Amino acid sequence: MALDNYEKFKDEVLRMTKIDLSAYKEKQMRRRIDSLVEKRDCKSYNEYVKLLTSKKDVFDEFVNFLTINVSEFYRNPDQWKLLVEQYAPELISRFGKKLKIWSAACSTGDEPYSLVMALSKLIDINQIKIYATDLDKQVIAHAKTGLYSAKSIAGVPDEYKKKFFTKVGQSFQISDQVKKRVEFRQHNLLLDKYITDCHLIVCRNVLIYFTEEAKHEVYKKFNDSLVNHGMLFIGSTEQVMDYKGIGYKRLSSFYYEKDV
């Protein structure tokens, strides 16, 4: 299927959703969008835009599809081990136990809930507060429900599965004790004002879809959002290019410290 006038389509999407497709790698994103357009039997982007503006279910599907929600608890467990055994204790000794933590682009809540469980080893769970944000209202609604498949929670340590999850049919419900420690908000990393004075920011496996320019801008804004010597935790397929120029010190492959 050959679709044209993608530039005009990007303008329409920005107007409707506040999602700037120019910040995403075009080849990847366009392939994803074209498959969705085809699924809806549209012959042009213009026809698809008309459908988006007239049918709420199509619009919701589109936004959900765009925001690439692939998530799981304790993804890359070695990195979580490093957080609990080394970096979180460093942050606690530096700033105390009332840490301000932001889980950015949190998807279905797996990451902020993983943070609560991991930190409960070091801090009384009632003292933990995680700010969790995502662009997609649907995944935030899913996150607030806190119901997950066996596959989603496969990486959760057994002690936490027993302590914080209840089996409901074929699914698993996370406990209110964990849910209460997370505040969810809708947020656009490319447009909205950032949370400030953070001790730890976690943003993993999302910026791989962004252009290099957009990534640089987001990492710079994260740096501005951190207190001095606060930390950024990123995904296993990511790296902060020009981290020194932005104002980070690299602690390990996936951890950076604000150092300006």
Side-chain angles (χ1 to χ4, degrees), residues 74-76 78-107 109-135 140 143 178 180-208 210 213-236 238-260:
Y74 277 81
R75 195 171 184 178
N76 312 115
D78 289 350
Q79 294 171 37
W80 288 94
K81 191 167 183 269
L82 204 54
L83 178 69
V84 173
E85 293 182 359
Q86 184 173 343
Y87 295 125
E90 281 182 27
L91 289 171
I92 290 165
S93 68
R94 203 173 285 163
F95 302 113
K97 291 189 172 182
K98 288 199 172 178
L99 296 173
K100 188 170 184 180
I101 300 167
W102 177 15
S103 172
C106 68
S107 189
D110 315 38
E111 186 176 273
Y113 291 145
S114 292
L115 279 165
V116 173
M117 291 186 288
L119 291 170
S120 70
K121 259 187 137 44
L122 306 168
I123 305 170
D124 183 298
I125 196 166
N126 296 313
Q127 282 189 283
I128 298 168
K129 175 70 179 285
I130 313 289
Y131 297 92
T133 65
D134 200 274
L135 180 63
I140 290 173
V178 174
K180 282 176 185 170
R181 308 328 307 162
V182 182
E183 181 184 314
F184 290 98
R185 303 176 186 172
Q186 191 179 15
H187 182 269
N188 186 327
L189 284 172
L190 297 169
L191 288 179
D192 295 338
K193 190 176 176 184
Y194 278 35
I195 296 170
T196 57
D197 301 318
C198 297
H199 300 109
L200 174 66
I201 296 175
V202 183
C203 184
R204 308 178 69 230
N205 308 304
V206 174
L207 300 191
I208 49 172
F210 285 24
E213 294 78 14
K215 278 187 216 175
H216 181 85
E217 188 60 28
V218 170
Y219 286 136
K220 189 173 179 301
K221 286 181 178 177
F222 281 153
N223 191 272
D224 292 340
S225 290
L226 287 165
V227 298
N228 204 19
H229 302 298
M231 292 182 194
L232 172 67
F233 176 18
I234 64 171
S236 59
E238 299 166 323
Q239 58 180 314
V240 182
M241 306 300 286
D242 189 30
Y243 62 88
K244 288 181 183 174
I246 296 173
Y248 291 107
K249 178 168 75 176
R250 192 177 183 202
L251 301 175
S252 68
S253 297
F254 317 111
Y255 288 89
Y256 294 81
E257 180 182 318
K258 178 172 178 173
D259 188 30
V260 290

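A quick note: this is a predicted structure, and the numbers were derived from the prediction, not measured. All values below come from the heavy atoms of this structure, side chains included, with hydrogens, waters and symmetry mates left out.
- Of all the heavy atoms in I195 and Y131, the pair that sits closest is CD1-CB, 3.7 Å.
- Scanning all heavy atoms of the two residues, the minimum distance from N126 to D124 falls at N-OD1, 2.8 Å.
- Applying the side chain to side chain donor-acceptor pair (under 3.5 Å) criterion to E183, with sequence neighbours excluded, gives K129, R185.
- When the side chain to side chain donor-acceptor pair (under 3.5 Å) test is applied to S103, the partners found at least two apart in sequence or on another chain are E111.
- Taking OG of S236 as the reference point, atom CZ of R75 lies at 6.5 Å (rounded to 0.5 Å).
- Residues satisfying the salt bridge (Lys or Arg N to Asp or Glu O under 4.0 Å) criterion with K180, sequence neighbours excluded, are absent altogether.
- Not a single side chain to side chain donor-acceptor pair (under 3.5 Å) links E238 to another residue, sequence neighbours left out.
- Nearest approach of L207 to V218, heavy atoms of both residues: CD1-CG1, 3.7 Å.
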**Asked** Would C106 and T133 satisfy side-chain contact (heavy atoms from CB on, under 4.5 Å), going step by step from the backbone distance to the final call?
**Response** CA-CA 6 Å; C106 68; T133 65; 5.7 Å; no

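- A distance of 6.0 Å or more separates the ring centres of W80 and F254.
- To the nearest 0.5 Å, atoms OH (Y256) and CD1 (I234) are separated by 4.5 Å.
- Put simply, the side chain of F222 reaches to within 4.5 Å of the side chain of L189, judged on heavy atoms.
- For I92, the side-chain contact (heavy atoms from CB on, under 4.5 Å) partners at least two apart in sequence or on another chain are K97, L99, L122, I123.
- Checked against salt bridge (Lys or Arg N to Asp or Glu O under 4.0 Å), K98 has no partners two or more places apart in sequence or in another chain.
- A heavy-atom distance below 4.5 Å is not found between the side chains of L119 and R181.
- Distance check, rounded to the nearest 0.5 Å: CD of E257 to NE2 of H229 gives 6.0 Å.
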**Asked** What do the steps show when you test L83 against L115 for side-chain contact (heavy atoms from CB on, under 4.5 Å), and what is the final call?
**Response** CA-CA 9 Å; L83 178 69; L115 279 165; 3.8 Å; yes

Walk me through whether F184 and Y113 qualify under ring pair (Phe, Tyr, Trp, His ring centres under 6.0 Å). CA-CA 11 Å; F184 290 98; Y113 291 145; 5.7 Å; yes

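- With sequence neighbours excluded, the residues satisfying side-chain contact (heavy atoms from CB on, under 4.5 Å) with E90 are Q86, Y87, R94, M231.
- Counting heavy atoms from C-beta outward, L226 and Y248 have side chains that approach closer than 4.5 Å.
- Using modelled atom types, one side-chain atom of D134 and one backbone atom of S107 make a donor-acceptor pair closer than 3.5 Å.
- Under the rule for a side-chain contact (heavy atoms from CB on, under 4.5 Å), the partners of A214 that lie at least two apart in sequence or sit in another chain are A23, L190, F210, T211.
- Looking at N76 and R204, their side chains come closer than 4.5 Å, going by heavy atoms from C-beta outward.
- In this structure, D78 has no side-chain contact (heavy atoms from CB on, under 4.5 Å) partners at least two apart in sequence or on a different chain.
- The stretch residues 215-227 participates, sequence neighbours left out, in these side chain to side chain donor-acceptor pair (under 3.5 Å) pairs: E212-K215.
- Closest approach of N205 and G235 over heavy atoms only: OD1-CA, 3.6 Å.
- Atom-to-atom distance recorded for I101:CD1 and I130:CD1 is 4.0 Å, nearest 0.5 angstrom.
- Applying the side chain to side chain donor-acceptor pair (under 3.5 Å) test to every pair with at least one member in residues 187-196, sequence neighbours left out, gives no pairs at all.
- Remark: the backbone N or O of R250 is not paired with any side-chain donor or acceptor of Y243 at under 3.5 angstrom.
- Counting all heavy atoms, side chain and backbone alike, L91 lies closest to G230 at CD2-CA, 4.4 Å.
- Without hydrogens or angle criteria, Q186 side chain to L135 main chain gives a donor-acceptor distance under 3.5 Å.
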What verdict does the side-chain contact (heavy atoms from CB on, under 4.5 Å) test give for Y74 and K81, after you've listed the backbone C-alpha separation in whole Å, the side-chain angles of each residue and the deciding distance to 0.1 Å? CA-CA 9 Å; Y74 277 81; K81 191 167 183 269; over 6 Å; no

